Number of protein chains: 2
Amino acid sequence: MDRLSEVFSALADPTRRAILARLAEGEATVNELAEPFPISLQAVSKHLKVLERAGLITRGIHAQWRPCRLDAAPLRGVAEWVTEYRRFWEERYDELGTYLTKIQKEN
Amino acid sequence: MDRLSEVFSALADPTRRAILARLAEGEATVNELAEPFPISLQAVSKHLKVLERAGLITRGIHAQWRPCRLDAAPLRGVAEWVTEYRRFWEERYDELGTYLTKIQKEN
DNA sequence: CGGTTAATCAACCCATAAGTTGAATATGCT
DNA sequence: AGCATATTCAACTTATGGGTTGATTAACCG
């Protein structure tokens with residue numbers, strides 16, 4: 001799977017996005033990350049593997065802990081991709097502008 | 001599934017992103033959209049359904065054709081989400097700035 | 001050394017995604 | 001009416017995702 005698909009796919013899960021949001025506040029261990037969720041530690045561990053494969057987190061080794069850190073680099077690619085479409089969701093304003101210009105000329 | 005997950009999920013497929021790119025150039029029918037891909041028309045029809053459910057396209061009815069149009073509105077949400085992380089992939093620069101400030105004070 | 005804690009591995013379940021082929025629906029053309 | 005075109009529906013296969021439980025590995029603590 002290409003990288004962008006992998007990243008989008010990793011982001012397509014609320015639990016994983018919540019994990020990223022948590023990591024935005026700083027490093028955390030698997031247990032710390034798992035704590036807020038009503039799912040098993042193993043399930044969280046899988047989510048972390050997905051995020052890691054997508055390049056969105058990196059993991060250290062500190063005794064028996066595996067501290068996770070956010071790596072937002074792949075999000076840059078997402079931002080670039082989505083920016084290509086910006087003009088389309090801003091079009092509304094363009095259309096409004098066009099409309100206003102038009103009725104202005106008509107009156 | 002929440003909207004953002006649905007959108008990310010829809011974007012996590014190269015075929016669907018290619019379809020969106022094609023629609024950025026203007027309306028197209030299912031056959032026209034399917035033409036470049038080595039998969040069946042039905043498969044493309046399914047992809048379109050996914051995009052439609054995510055709110056990324058709308059479909060018209062014109063005789064036996066179902067012209068598809070891009071609706072980039074949901075991408076705004078994606079852009080907003082990803083912007084929350086911008087500082088992290090730009091952090092490199094911040095760190096450089098901090099470093100420069102620091103050595104400046106030291107000397 | 002033995003027990004506790006942190007995390008992963010492994011096997012399994014169930015639902016869904018992505019593709020296929022074949023049939024059905026609906027519109028236009030002559 | 002009858003045929004061609006555009007698209008969808010339906011049934012099926014195969015693979016994958018997200019979850020579970022139970023066992024395993026590895027490090028620390030007393």
Side-chain angles (χ1 to χ4, degrees), chain A residues 1-23 26-71 74, chain B residues 1-23 26-71 74:
Chain A
M1 186 158 54
D2 64 295
R3 204 33 173 313
L4 196 51
S5 297
E6 203 154 43
V7 174
F8 274 129
S9 179
L11 298 177
D13 182 291
T15 302
R16 287 194 290 264
R17 290 198 306 277
I19 288 173
L20 293 181
R22 167 63 188 78
L23 290 176
E27 229 175 66
T29 67
V30 180
N31 268 296
E32 288 167 350
L33 290 171
E35 195 273 320
F37 303 107
I39 60 178
S40 71
L41 191 70
Q42 290 95 320
V44 172
S45 188
K46 282 191 184 180
H47 281 304
L48 293 174
K49 195 168 287 178
V50 172
L51 290 170
E52 191 175 24
R53 292 211 62 218
L56 287 162
I57 66 170
T58 57
R59 323 240 232 156
I61 298 188
H62 198 268
Q64 70 254 235
W65 296 276
R66 299 293 127 82
C68 299
R69 283 192 350 196
L70 178 64
D71 183 352
Chain B
M1 186 158 54
D2 62 296
R3 204 35 174 311
L4 196 50
S5 297
E6 203 154 44
V7 174
F8 274 130
S9 180
L11 298 177
D13 182 291
T15 302
R16 285 195 289 264
R17 290 198 305 277
I19 289 173
L20 292 181
R22 166 65 188 78
L23 290 176
E27 229 175 66
T29 67
V30 180
N31 267 297
E32 288 167 349
L33 290 171
E35 196 273 320
F37 303 107
I39 60 177
S40 71
L41 190 71
Q42 291 94 321
V44 173
S45 189
K46 282 191 183 180
H47 281 305
L48 293 174
K49 195 168 290 179
V50 172
L51 290 170
E52 191 175 24
R53 292 209 62 217
L56 288 162
I57 66 171
T58 57
R59 326 239 233 154
I61 298 187
H62 197 270
Q64 68 253 237
W65 295 277
R66 300 292 127 84
C68 300
R69 283 192 352 195
L70 177 65
D71 183 351

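Because the structure is predicted, anything quoted here is derived from the model rather than measured. Lettering follows sequence order; numbering is per chain, from 1. Keep in mind that the numbers below use all heavy atoms, side chains included, and drop hydrogens, waters and symmetry copies.
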Legend entry - Spatial distance of atom CE (B:Met1) from atom CZ (B:Arg53) [nearest 0.5 Å]: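 It comes to 7.5 Å.
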Legend entry - Spatial distance of atom CG (A:Leu20) from atom CG (A:Asp71) [nearest 0.5 Å]: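 If I round to the nearest 0.5 Å, the distance is 10.5 Å.
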Legend entry - Residue whose nearest DNA chain D nucleotide is more 5′ - A:His62 or B:Pro67: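 Looking at the nearest nucleotide for each, B:Pro67 comes out on the 5' side.
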Pairs: protein N or O with nucleotides 20-27 of chain D N or O, under 3.5 Å:
{"residue": "D:dT20", "atom": "OP2", "partner": "A:Ser40", "partner atom": "N", "Å": "2.8"}
{"residue": "D:dT20", "atom": "OP2", "partner": "A:Ser40", "partner atom": "OG", "Å": "2.7"}
{"residue": "D:dG22", "atom": "O6", "partner": "A:Gln42", "partner atom": "NE2", "Å": "2.6"}

Legend entry - A:Arg3 atom CZ, over 12 foreign heavy atoms within 6.0 Å: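 More than 12 within 6.0 Å, yes.
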Whole-Å distance separating the [atom1] atom of [X] from the [atom2] atom of [N]:
X: A:His47; N: D:dT16; atom1: NE2; atom2: P; value: 18 Å
X: B:Asn31; N: D:dA4; atom1: CG; atom2: C1'; value: 13 Å
X: A:Lys49; N: D:dG19; atom1: NZ; atom2: P; value: 15 Å
X: B:Met1; N: D:dG19; atom1: CE; atom2: P; value: 13 Å
X: A:Leu51; N: D:dG18; atom1: CG; atom2: P; value: 10 Å

Legend entry - Minimum heavy-atom distance B:Phe37-B:Ala18, with the two atoms named: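 Where B:Phe37 meets B:Ala18 most closely, the heavy atoms are CZ-CB, 3.7 Å.
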Inset, instruction - Indicate the atoms forming the closest heavy-atom contact of B:Ser5 with A:Pro14, along with that distance. - result: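 Scanning both residues, the minimum pair turns out to be OG-CD, 3.4 Å.
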Legend entry - Close side-chain approach of B:Leu56 and B:Arg16, heavy atoms under 4.5 Å: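 In short, these two side chains do not touch, never coming nearer than 4.5 Å.
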Inset, instruction - Would you check if A:Ile39 and A:His47 make a side-chain contact, meaning some heavy-atom pair closer than 4.5 Å? - result: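 Side chain of A:Ile39 against side chain of A:His47, heavy atoms only: contact under 4.5 Å found.
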Legend entry - Residues A:Arg66, A:Thr29; criterion side chain to side chain contact (heavy atoms under 4.5 Å, CB included); working and verdict: CA-CA 6 Å; A:Arg66 299 293 127 82; A:Thr29 67; over 6 Å; no
Inset, instruction - Check whether any side-chain nitrogen or oxygen of B:Arg59 sits under 4.0 Å from OP1 or OP2 of D:dA6, and answer yes or no. - result: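 Checking D:dA6 against B:Arg59, no side-chain N or O comes under 4.0 Å of OP1 or OP2.
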Inset, instruction - Residues of residues 8-21 of chain A with any non-hydrogen atom less than 4.0 angstrom from an atom of DNA chain C: list those, numerically ordered, please. - result: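 Hits under 4.0 Å, by residue number: none.
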Inset, instruction - In sequence, state the C-alpha distance, the side-chain angles, and the governing distance for B:Arg59 and B:Val30, and then conclude on side chain to side chain contact (heavy atoms under 4.5 Å, CB included). - result: CA-CA 10 Å; B:Arg59 326 239 233 154; B:Val30 180; 4.1 Å; yes
Inset, instruction - Provide the start and end nucleotides, 5' to 3', of the part of DNA chain C that has atoms under 4.0 Å from heavy atoms of chain A. - result: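 The contact span of chain A on DNA chain C goes from C:dT5 to C:dA11.
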